[in-house]
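To find a chain, count down the sequence lines: A is the first, B the second, and so on, and within it residues start at 1. Please read all numbers here as calculations on a predicted model, not as lab measurements.
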Protein chains: 2
Amino acid sequence: MKSEKTTTKKYLTIQDYIKKRIQTGKFPVGSYLPSENEICNRFKTTRTTVRRALDELLKEGFIEKEHGRGSKVIERGNSLGLLTVKGFSGSIDYEVQTIVTTHPKIIKWDPVIAFPLTNDEKKSQCVYFQRVRNINNLPVVLENNWYSLDALQFIKADEFVEGSFFKTLSQKHLIEIMGADQELRSIPASKEVAKKLQIKIGNPILHISVRFRTSKPGLNLYGDLYCNTTEYPIRNSFFL
Amino acid sequence: MKSEKTTTKKYLTIQDYIKKRIQTGKFPVGSYLPSENEICNRFKTTRTTVRRALDELLKEGFIEKEHGRGSKVIERGNSLGLLTVKGFSGSIDYEVQTIVTTHPKIIKWDPVIAFPLTNDEKKSQCVYFQRVRNINNLPVVLENNWYSLDALQFIKADEFVEGSFFKTLSQKHLIEIMGADQELRSIPASKEVAKKLQIKIGNPILHISVRFRTSKPGLNLYGDLYCNTTEYPIRNSFFL
DNA sequence: CAAAACAACTTGTATGTACAAGTAATAATC
DNA sequence: GATTATTACTTGTACATACAAGTTGTTTTG
């Protein structure tokens, strides 16, 4: 039996408060946060602590700071080092379309998941769904997803914000992606994959196994992606 | 005419000092830095400033902090969001070997480079070399590399530190990787690639085009990698 | 001798203060 | 009226201090 000491660190309180207001749109993208001194007054603390909180938000990609002006809310996720299909998200050159090919349903954990499950996850039921991403009406990515029902409620496909599961998590459930582990392989297309991506069996396919870690304790998102990279390669950028 | 005010920020001085000592091996990987108070005394400053410097080094992946113990120097690059072969670097399970198959030589820029060259690079001569990475005596990665001779001197293969070009840059030239852009494709092995990786022509290969941005202005490192991922997948992790 | 208490370290959080430096709108000057 | 200076904001750097909390080795205690 542990006392579970949650020592509410002040900088975390401030950080979470601002993060929540950004996520819920109270501090919209492009706007400026209250000045550091205003935040000090509101939380009865000093600039050192407020700056600490803002530094975290800066590091997490929620804001950017402008010397002499203020802290600006920015679009998060672009700066994340995520693997993305070239032309996806943010580009107008391509028409991207997401089709839910298997609606969320409760199943047994699939052994194809390339990462060891936690004990809690093993004990829990598993939510699964499958999507296909089209670019210019051509299927490019086949995506299987799993998560633990104990860690996150059942979410129906028609609740997805703009067809995106991540956006749903962020905007409706205040859950953010904190990191990911990925394994990449080049494999020949199986019969099923070939059919869904409309290519020949045996064609080279980029297979990505991914585990996303989230801000919600115990919640991991597992993915299994099959990408036809002949037209649209996968992109990955990172900075310091 | 500008006065070029270099206001030598104190935390930057400390940061650079420690970074340099890590890069040159004076603070070896696995060792602990002097305590924050010791650094304070040495630089006649306060812990706030020292911690600021250490925070930067933490963010850049040079050290990790252990509450109550100290700041430990870690192998940089693992924490970077870089793509690495599973089992490479840091693992003792596999015997990794790097063979320079084409020694550095000056050539024309190769059009296979997937990124647009800067004007300075186009005007400059180009240094090229090719390596093969073996795991347990099996070739796994075929790697082509290019850089601009104007941006970095000619480096011979026998100058490579532990066969690693990056380690050479870091330890002998104090140049660090600041970021990268990568494009991933799954392709069938060409005749040349199949031969060098000892696989069949047409087998699926993970093709990675990469541009590394460095701390040295004007210096980009271009790479073209062919990975046999059947035994050893490519790994990629990132955090916040 | 083993367990508990202690001391001496380490990093973590927080307060309070001061001044430097960048931004933007207003007021004074030419 | 256009330029310059002032002013009132903003964030950036740095000082000094205090105590909390984790680690490790030593000393005391049972």
- Note on the structure: From the candidates dA21(C), dT24(D), dT11(C), the one with an atom nearest any side-chain atom of E36(B) is dT11(C)

- Note on the structure: Taking dT10(D), dT11(C), dA14(D) as options, the one with an atom nearest any side-chain atom of N37(A) is dT10(D)

- Task: Describe the nucleic acid contact of T46(A) in one word from base, sugar-phosphate, nothing, applying a heavy-atom distance below 4.0 Å.
- Result: base

- Message: Given the ring of Y222(B), does R211(B) sit roughly above its face, with NZ or CZ under 6.0 Å from the centre of the six-membered ring and within 45° of the axis?
- Response: no

- Item | Whole-Å distance separating the OH atom of Y32(A) from the P atom of dC9(D) | 18 Å

- What's the closest nucleotide to the K10(B) side chain, out of dG12(C), dC15(D), dT11(D)? dC15(D)

- Task: Kindly say if T49(A) contacts the phosphate of dT13(C), meaning a side-chain N or O under 4.0 Å from OP1 or OP2.
- Result: no

- Report the distance from atom NZ of K65(B) to atom C1' of dA21(D), rounded to the nearest whole Å. 14 Å

- On DNA chain C, check which nucleotide each of T45(A) and E66(A) is closest to and give me the residue with the more 5' one. T45(A)

- Message: Taking the cut-offs as 6.0 angstrom to the six-membered ring centre and 45 degrees off its axis, would you call R52(A) and Y11(A) a cation-pi pair?
- Response: yes

- Note on the structure: Here the distance between atom P of dT11(C) and atom CG of L54(B), to the nearest Å, is 8 Å

- Query: Looking only at side-chain N and O atoms, does Y11(B) come under 4.0 Å of OP1 or OP2 in dT13(D)?
  - Reply: yes

- For T48(B), answer base if it contacts any base atom (sugar-phosphate contacts may also be present), sugar-phosphate if it contacts only those atoms, and nothing otherwise; contact means non-hydrogen atoms under 4.0 Å. base

- Length of the CG-C1' vector between D55(A) and dT11(D), whole Å: 11 Å

- Message: Taking ring-ring contact (aromatic ring centres under 6.0 Å, His included) as the criterion, tell me which of F129(A), W146(A), F212(A) meets it with F165(A).
- Response: F129(A)

- Take atom CZ of R47(A) and atom P of dC15(D), then tell me their distance rounded to the nearest Å. 16 Å

- Query: Looking at dA21(D), dA14(C), dT11(D), which one has an atom nearest to any side-chain atom of H67(B)?
  - Reply: dA21(D)

- Task: Whole angstrom is fine here: how far is it from CD1 in I39(B) over to P in dT10(C)?
- Result: 11 Å

- Item | Presence of donor-acceptor pair under 3.5 Å, side chain of R52(B) and base of dG12(D) | no

- Roughly how many Å is it from CD in Q15(B) to C1' in dA14(D), rounded to a whole number? 16 Å

- Touch class at under 4.0 angstrom, heavy-atom based, for E38(B) against every strand present: sugar-phosphate

- Task: State plainly whether the residues R185(B) and E183(B) are in salt-bridge range, i.e. N to O under 4.0 Å.
- Result: yes

- Reckon R51(A) has a side-chain N or O less than 4.0 Å from the OP1 or OP2 of dG12(D)? yes

- Starting from C1' on dT11(D), measure out to CD on E64(A) and report it in whole angstrom. 14 Å

- Message: So, OP1 or OP2 of dT13(C): does either fall under 4.0 Å of a side-chain N or O from K9(A)?
- Response: yes

- Message: As a test of reading the structure: which of dT24(D), dT10(D), dA14(C) is closest to the side chain of R69(B), going by heavy atoms?
- Response: dT24(D)

- Query: Is any side-chain N of the basic residue among K19(B) and E60(B) closer than 4.0 Å to the acidic one's carboxylate O?
  - Reply: yes

- May I ask you to verify if any side-chain N or O of S35(A) is less than 4.0 angstrom from the OP1 or OP2 atom of dC9(D)? no

- Message: Under 3.5 Å, is there a donor on one side chain and an acceptor on the other for N220(B) and E121(B)?
- Response: yes

